[in-house]
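Atoms considered below: every heavy atom in the structure, side chains included; atoms not considered: hydrogens, waters and symmetry mates. If you read the sequence from its start, that first residue is 1, and numbering goes on from there.
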Amino acid sequence: MRRPARALRCALAALVLLVAGGCGGWPGDGPARDVRLMVPNTPGGGYDTTARTAARVLDETGIAPDVQVFNLPGAGGTVGLQRLADERGNGDLALQMGLGVVGASHAAGSRVTVTGTTPIARLIEEAGAVVVRADSPYRTIGALVDAWRKDPGRLRVGGGSLVGGPDHLLPMELAQAVGIDPRKVRYVPYDGGGGDLLPALLEGRVDVATSGFGEFLDQRRAGRVRVLAVTGERPVGVLPGVPTLKSAGIDLVFDNWRGIVAPPGISATDRRRWVEALTELHASGRWQEELRRHGWTDVFATGRAFESFLARQDAQVAGLVRRLGRQ
């Protein structure tokens, strides 16, 4: 009888450990909680990369083990935004988002905008990039612009966001900077830069892509795409030899950003848990390494600073979408 009794005790102990710690979540928070981070675009895009990098570092550092990342794409991020709103009061869920979700919510006439969420933290800023296939006839940004000026409607420009999102705003502002009427730009939207836009570029469905440079790093290293220019104030370290628009004689600087919001109506305690976890993430050496590896700019902000920033972005983009809609 001793052996079965011992086996039973071991099985019960294993069950207790599984129930107590199987799902991860907030350390020292009593029973395990299923903490999830939603990505509102397809796998492989900028939101996906940022969310999975953050979740991995949270796990590796023990700040918040086993945060589950899942994708819910659709309508430029507004399907995920609506899901977040429907999860009112759920403090174990958050949304990886950014300028693209802000713009899509207004372009699609969504019932929900980011002002109806709980702001948690602004994480990073990333320059955009102007990218073509490796076999493209356009070898420099100057050559591309020259061809674009001659026949603006011929060049198919792909981006990973709807009207009002960063991948749409970038070619519109670039067109204006080089003397092209933005209304003549042949813009083709895709749901996510690295997820849907990259195959469209590689398969020749678009002639040029505009999105965050991080969407194209692996393909550039593989020699399948050519980055003609980046849109930030300074060159990007992970893209040696690639000029900025300004250094190529084009007077334009354009940066995108990404952050995290939670459902409306969560408790002050749950909001504090998210803010404290991401603040600790930001302070970690592992996260700083990831910033350097991806070429991301650190623009971390929480509390009123991020809340005010989000409200300003929402108002500015709403106005822009209205103006573009009248053109």
Colleague: Begin from the C-alpha positions of V39 and F70 and carry the test side-chain contact (heavy atoms from CB on, under 4.5 Å) through to its verdict.
Modeller: CA-CA 6 Å; V39 176; F70 70 100; over 6 Å; no
Colleague: Parallel, tilted or perpendicular, judged at 30° and 60°: which one describes the rings of H282 and F300?
Modeller: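 H282 vs F300 ring planes: parallel.
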Colleague: Check for a donor-acceptor pair, side chain of R186 on one end and backbone N or O of V157 on the other, with a separation under 3.5 Å.
Modeller: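 Looks like no, no N/O pair under 3.5 Å.
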Colleague: Below 6.0 angstrom between ring centroids: does that apply to W296 and W257?
Modeller: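 No: the rings miss the under 6.0 Å criterion.
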Colleague: Can any side-chain N or O of S105 pair as donor or acceptor with the backbone N or O of T113 at less than 3.5 Å?
Modeller: no
Colleague: Roughly how far, to the nearest 0.5 Å, is the CZ atom of R83 from the OG1 atom of T78?
Modeller: 14.0 Å
Colleague: Specify the closest pair of heavy atoms between P263 and G89, including all atoms of both residues, with the distance to one decimal.
Modeller: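 Residues P263 and G89, closest heavy atoms: CB-N, 4.3 Å.
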Colleague: State, with a plain yes or no, whether a side-chain heavy atom of H294 is found less than 4.5 Å away from one of T53.
Modeller: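 In contact.
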Colleague: Might you point out which heavy atoms bring P119 and F306 nearest each other, and give the distance in Å?
Modeller: CB-CD2, 3.6 Å
Colleague: Begin with the C-alpha distance, continue with both residues' side-chain angles, and end with the deciding distance and a verdict on side-chain contact (heavy atoms from CB on, under 4.5 Å) for E87 and L93.
Modeller: CA-CA 8 Å; E87 295 266 358; L93 177 67; 3.5 Å; yes
Colleague: What distance do T297 atom OG1 and L123 atom CG have between them, rounded to the nearest 0.5 Å?
Modeller: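 Nearest 0.5 Å value for the OG1-CG distance: 13.0 Å.
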Colleague: Taking the side chain as every heavy atom from C-beta outward, state whether D270 and R273 have any pair of such atoms under 4.5 Å apart.
Modeller: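 They are in side-chain contact.
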Colleague: Can you check whether S247's main-chain N or O pairs, donor with acceptor, with T244's side chain at less than 3.5 Å?
Modeller: yes
Colleague: When you compare the side chain of D92 with that of D34, does any pair of heavy atoms fall below 4.5 Å?
Modeller: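 Result no, sub-4.5 Å side-chain heavy-atom pair not found.
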Colleague: Set out, in order, the CA-CA distance, both residues' side-chain angles and the distance that settles side-chain contact (heavy atoms from CB on, under 4.5 Å) for W274 and T302, then state yes or no.
Modeller: CA-CA 10 Å; W274 277 107; T302 62; over 6 Å; no
Colleague: Taking it one step at a time, do I260 and L278 satisfy side-chain contact (heavy atoms from CB on, under 4.5 Å)?
Modeller: CA-CA 9 Å; I260 290 177; L278 294 176; 3.9 Å; yes
Colleague: How far does CG of D298 sit from CD of Q288, to the nearest 0.5 angstrom?
Modeller: 5.5 Å
Colleague: Quick one: closest heavy-atom pair of R220 and L239, and the distance?
Modeller: CD-CD2, 3.2 Å
Colleague: Hey, are R292 and E289 close enough for a salt bridge, meaning a charged N less than 4.0 Å from a carboxylate O?
Modeller: no
Colleague: Spell out, yes or no, whether V236 and V299 are grouped together once hydrophobic residues are joined by side-chain heavy atoms under 4.5 Å, including indirect joins.
Modeller: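 The answer is no; the residues belong to distinct hydrophobic clusters.
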Colleague: With no hydrogens and no angle check, just 3.5 Å: does a side-chain donor-acceptor pair link T269 and S267?
Modeller: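 T269 vs S267: no donor-acceptor pair found between side chains.
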Colleague: Side chains of L310 and V261, heavy atoms from C-beta outward: is any pair under 4.5 Å?
Modeller: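 L310 reaches V261 side chain to side chain.
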Colleague: Can you confirm whether more than 12 heavy atoms, excluding those of R234, are under 6.0 Å from its CZ atom?
Modeller: no
Colleague: Counting neighbours of CD on E60 that are heavy atoms of other residues, nucleotides or ligands and sit closer than 6.0 Å, is the number greater than 12?
Modeller: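 Yes, CD of E60 has more than 12 neighbouring heavy atoms, counting only those of other groups under 6.0 Å.
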Colleague: Below 3.5 Å, can you tabulate the donor-acceptor pairs from side chains in residues 197-210 to any protein atom, sequence neighbours excluded?
Modeller:
from	atom 1	to	atom 2	distance (Å)
E203	OE1	R205	NE	3.1
E203	OE1	R205	NH2	2.7
D207	OD1	R156	NH2	3.0
D207	OD2	R156	N	2.8
D207	OD2	R156	NE	3.1
T210	OG1	D167	O	3.1

Colleague: Is there a side-chain contact between R111 and Q82 (heavy atoms, below 4.5 Å)?
Modeller: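 A side-chain contact exists here, since the closest heavy-atom pair is under 4.5 Å.
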Colleague: Quick check on side chain to side chain contact (heavy atoms under 4.5 Å, CB included): which of V242, V131, T140, V132 does L228 satisfy it with?
Modeller: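 Looking at V242, V131, T140, V132, the match for L228 under the side chain to side chain contact (heavy atoms under 4.5 Å, CB included) is V132.
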Colleague: Going from CZ on R224 to CG on D135, what distance comes out if it is rounded to the nearest 0.5 angstrom?
Modeller: 10.5 Å
Colleague: Are side-chain heavy atoms of R122 and R258 found at a separation under 4.5 Å?
Modeller: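 Heavy-atom side-chain distance check fails, nothing below 4.5 Å.
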Colleague: Side chains of V130 and L174, heavy atoms from C-beta outward: is any pair under 4.5 Å?
Modeller: yes
Colleague: Between G76 and A104, what is the shortest heavy-atom contact and its length?
Modeller: O-CB, 3.4 Å
Colleague: Have T118 and R271 got a donor and an acceptor in their side chains that come within less than 3.5 Å?
Modeller: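 Their side chains do not contain a donor-acceptor pair, so the 3.5 Å distance test is not met.
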Colleague: For the residue pair D66 and Q68, confirm or rule out a side-chain donor-acceptor distance under 3.5 Å.
Modeller: yes
Colleague: Checking the side chain of Q96 only, and the main-chain atoms of G259 only, is there a donor and an acceptor separated by less than 3.5 Å?
Modeller: yes
Colleague: Mind checking the CZ-CZ spacing from R221 to F216? Nearest 0.5 Å is all I need.
Modeller: 13.5 Å
Colleague: Which atom pairs, donor and acceptor, lie under 3.5 Å between side-chain atoms of residues 249-256 and protein residues at least two apart or in another chain?
Modeller:
none

Colleague: Show the nearest heavy-atom pair for residues W148 and P171, with the distance to one decimal.
Modeller: CH2-O, 3.6 Å
Colleague: Between the side chains of R304 and E307, is the shortest nitrogen-to-carboxylate-oxygen separation below 4.0 Å, so that they form an ion pair?
Modeller: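 Not counted as a salt bridge, because no side-chain N and carboxylate O are separated by less than 4.0 Å.
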Colleague: How long is the straight-line distance from CG of L84 back to CE of M97, given to the nearest 0.5 Å?
Modeller: 9.5 Å
Colleague: Identify the two heavy atoms, one from P166 and one from S161, that lie closest to each other, and give their separation to 0.1 Å.
Modeller: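 The answer is N-OG, 3.6 Å.
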Colleague: Regarding D48 and N41, is there a side-chain donor-to-acceptor distance under 3.5 Å anywhere?
Modeller: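 No, no side-chain donor-acceptor contact under 3.5 Å.
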Colleague: Is I266 reachable from V114 through a run of I, L, V, M, F, W or Y residues, each pair having side-chain heavy atoms under 4.5 Å apart?
Modeller: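 No, V114 and I266 fall in different hydrophobic clusters.
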Colleague: Are L72 and V35 joined in one hydrophobic group, where the rule is that I, L, V, M, F, W and Y side chains link up if heavy atoms are under 4.5 Å apart?
Modeller: yes
Colleague: Looking at side-chain heavy atoms only, is the closest gap between L81 and P40 below 4.5 Å?
Modeller: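 No, their side chains stay 4.5 Å or more apart.
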Colleague: Looking only at atom types and distance, does a side-chain atom of R133 sit under 3.5 Å from a main-chain N or O of V225, one as donor and one as acceptor?
Modeller: no
